[in-house]
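Below is one structure, written out as structure tokens; the observations come after it.
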Amino acid sequence: EKMFAFFVLGPTAFQEGLGTYTPIHLAENRRGQAVKGLWTAFACSFVFCGLISLITFFCGRELAGLFQAEPAVLTAAAAYLRGDSLEYLFLALMYCLQGYLNGMGKTGFVMVSAVVTAFFVRIPLIFRLCSAEQISAEAIGWGMSFSAAVGALLCLVYYWRNEKKE
């Protein structure tokens with residue numbers, strides 16, 4: 001949990017920044033600038049999250065070693081981080097889109113997408129994976145990545161739908 005909070009500092013900062021940047025430009029009738037800001041923030045966030053993904057995929061054991069020394073825990077943590085490594089790439093997109101949509105005043109959708117992703121994708125999927133007889137920590141990590149992908153997809157579809165209306 002400590003690592004996750006640290007790893008999402010970049011995407012979270014972009015989310016918060018876009019939540020402020022977007023309405024300023026929309027108020028000045030500069031929608032194009034707001035959209036450009038969204039995709040620029042996403043590109044920067046994606047690079048940051050790409051590095052985090054590589055680090056968690058290839059150096060999970062070392063990262064876990066910062067907090068724990070027991071070999072069995074290190075092995076399980078490394079496996080989980082391998083599966084979870086793609087989550088950060090999807091979070092880069094999802095957080096940027098959420099920030100942009102919040103800035104547009106679409107906070108209801110952002111809240112609903114977060115609830116759907118957590119309670120209708122992440123929790124049931126992880127619960128189902130955990131109830132399997134032969135489950136690995138890596139599979140649970142892949143479940144986290146999958147739920148982040150669903151969240152990013154929901155936000156992207158909503159964004160595209162709104163862009164066509166505008």
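Along the sequence shown, residues are numbered consecutively beginning with 1. Bear in mind that the values here come from a model prediction, so they are computed numbers and not experimental data.
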Handout entry: From CA spacing to verdict: side-chain contact (heavy atoms from CB on, under 4.5 Å), F109, N162
Key = CA-CA 12 Å; F109 169 78; N162 278 320; over 6 Å; no
Handout entry: Aromatic plane relationship, Y159 with W39 - under 30° parallel, 30 to 60° tilted, over 60° perpendicular
Key = perpendicular
Handout entry: F120 atom CZ, neighbour heavy-atom count above 12 within 6.0 Å
Key = no
Handout entry: Interatomic distance, I52 atom CD1 to L63 atom CG [nearest 0.5 angstrom]
Key = 8.5 Å
Exercise for the section: State whether the number of non-hydrogen atoms from other residues, nucleotides or ligands found under 6.0 Å of F46 atom CZ is greater than 12. Expected result: no
Problem - SG-CD distance between C96 and Q15, expressed to the nearest 0.5 angstrom - result: 8.5 Å
Problem - Any donor-acceptor pair under 3.5 Å from T22 side chain to G19 backbone - result: no
Practice task
Kindly compute the distance separating CG (L97) from NZ (K106), expressed to the nearest 0.5 Å.
Solution key: 14.0 Å
Exercise for the section: Using the side-chain contact (heavy atoms from CB on, under 4.5 Å) rule, take M94 and E87 through it: C-alpha gap first, then chi angles, then the decisive distance, then the call. Expected result: CA-CA 10 Å; M94 184 173 75; E87 178 182 20; over 6 Å; no
Practice task
Could you check L93, L86, L91 and say which one makes a side-chain contact (heavy atoms from CB on, under 4.5 Å) with L89?
Solution key: L86
Exercise for the section: Step through the shown structure and confirm whether more than 12 heavy atoms of other residues, nucleotides or ligands are within 6.0 Å of CZ on F42. Expected result: yes
Practice task
Return yes when atom CZ of R128 has more than 12 non-hydrogen atoms of other residues, nucleotides or ligands closer than 6.0 Å, and no otherwise.
Solution key: no
Practice task
Examine the side chains of T56 and R82 and answer whether a donor and an acceptor come within less than 3.5 Å of each other.
Solution key: no
Exercise for the section: With rounding to the nearest 0.5 Å, note down the distance linking CH2 in W142 to CG in L129. Expected result: 12.5 Å
Handout entry: Backbone of I55 reached by a side-chain donor or acceptor of S85 within 3.5 Å
Key = no
